[in-house]
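Below is one structure, written out as structure tokens; the observations come after it.
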Amino acid sequence: MARREHRLSLAHDILRLPSRPLLYLVIAGLVLLLLPYVLTPFYGFGRPVSTVMLWRHLTGHRVVRDYAPLSAISGRLRLAVLIAEDGRFCRHYGVDLAEIRDAIEDADSLGDLRGGSTITQQVAKNLFLWPGRSYVRKALEFPLAMWIDLVLSKRRILEIYLNIAEWGPNGEFGVEAGSRYAFGASARDLSAYRAALLAAVLPNPSDRNAHKPGPGLRRLAGLYVARAARSPEVAACVKETR
């Protein structure tokens with residue numbers, strides 16, 4: 001009887017051993033999933049850096065950034081970026097479902113998917129996730145973007161975005177570094193056309209150069225200038241408050 005109980009106890013211990021590492025993995029996964037939600041309120045202040053910036057620092061690549069508060073960034077540039085990247089920024093709650101639907105309808109596959117990513121989603125990706133296209137990253141990005149929109153103000157979200165986005169071909173991060181690289185001028189002093197040129201660079205700063213814009217980039221900047229003139233209300237939620 002005692003021998004049988006010993007065998008049963010031994011079998012129970014053997015069966016239990018794999019569950020403990022699995023439990024640790026589950027706990028570690030939950031911690032990683034929840035950590036961005038815990039950290040988000042702390043991004044209401046300070047000077048956040050993106051995962052790409054951190055990786056470049058760790059691998060010895062060039063990173064140039066001069067953090068600029070939103071009040072030190074031209075209102076023309078704020079408007080141009082919203083026109084170019086997220087025209088419903090002031091009206092959605094972190095995720096623009098209508099834009100996503102349109103993007104999916106226009107795409108044949110995930111690899112062809114363009115657009116549909118709000119500025120808040122890009123902030124979520126740049127602060128906490130990884131570049132590239134995948135269903136997993138998108139699944140993590142959606143609820144996180146809505147949480148960021150709930151916890152942080154629209155002005156703060158845009159300020160973070162403008163200071164962590166990549167604006168130049170050689171590690172220029174943040175709009176101040178991008179403006180000085182392209183025009184030798186501060187982001188505070190940009191004209192409507194120069195602001196539109198910088199906004200047009202955002203999707204691919206490695207190939208699009210506001211310092212030496214080609215015909216396509218100049219044409220796109222002109223389009224953004226016209227749209228901004230017609231729709232100043234797009235930036236209503238990020239205007240200076242008196």
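Everything numeric in this text was worked out from a predicted model, so none of it was measured.
- In this structure the side chain of L202 reaches within 4.5 angstrom of the side chain of W167, judged on heavy atoms.
- Residues P36 and L127 form no side-chain contact, since every pair of their non-hydrogen atoms from C-beta on lies 4.5 Å or further apart.
- In this model, no donor atom of one side chain and acceptor atom of the other lie less than 3.5 Å apart for E141 and Q122.
- For the pair V52 and I164, the minimum side-chain heavy-atom distance is 4.5 Å or more.
- For the pair T120/L152, no side-chain contact is recorded, criterion being any heavy-atom separation below 4.5 Å from C-beta on.
- A salt bridge is absent between R155 and E159; no separation between the charged side-chain nitrogens and carboxylate oxygens falls under 4.0 Å.
- Between F89 and I157 the shortest side-chain heavy-atom distance falls below 4.5 Å.
- To the nearest 0.5 angstrom, F173 atom CZ is 6.0 Å from M53 atom CE.
- Applying the salt bridge (Lys or Arg N to Asp or Glu O under 4.0 Å) definition to pairs two or more places apart or across chains, those involving residues 142-153 are D149-K154.
- Of the possible donor and acceptor atoms, one in the side chain of T59 sits under 3.5 Å from a partner among the backbone N and O of W55.
- Of all non-hydrogen atoms in V95 and A145, the two that sit nearest each other are CG2-CB, 4.1 Å.
- Formation of a donor-acceptor pair under 3.5 Å by the R208 side chain with backbone atoms of L217 is not found in this model.
- Taking the six-membered ring where the residue is Trp, Y43 and F128 present perpendicular rings, their angle passing 60° and hence far from 30°.
- Other residues, nucleotides and ligands contribute only 12 or fewer heavy atoms inside 6.0 Å of the OH atom of Y93.
- For the pair Y224/L79, no side-chain contact is recorded, criterion being any heavy-atom separation below 4.5 Å from C-beta on.
- The stretch residues 59-76 participates, sequence neighbours left out, in these salt bridge (Lys or Arg N to Asp or Glu O under 4.0 Å) pairs: R62-E172.
- Counting side-chain heavy-atom gaps under 4.5 Å among Ile, Leu, Val, Met, Phe, Trp and Tyr, the cluster of F45 also holds F42.
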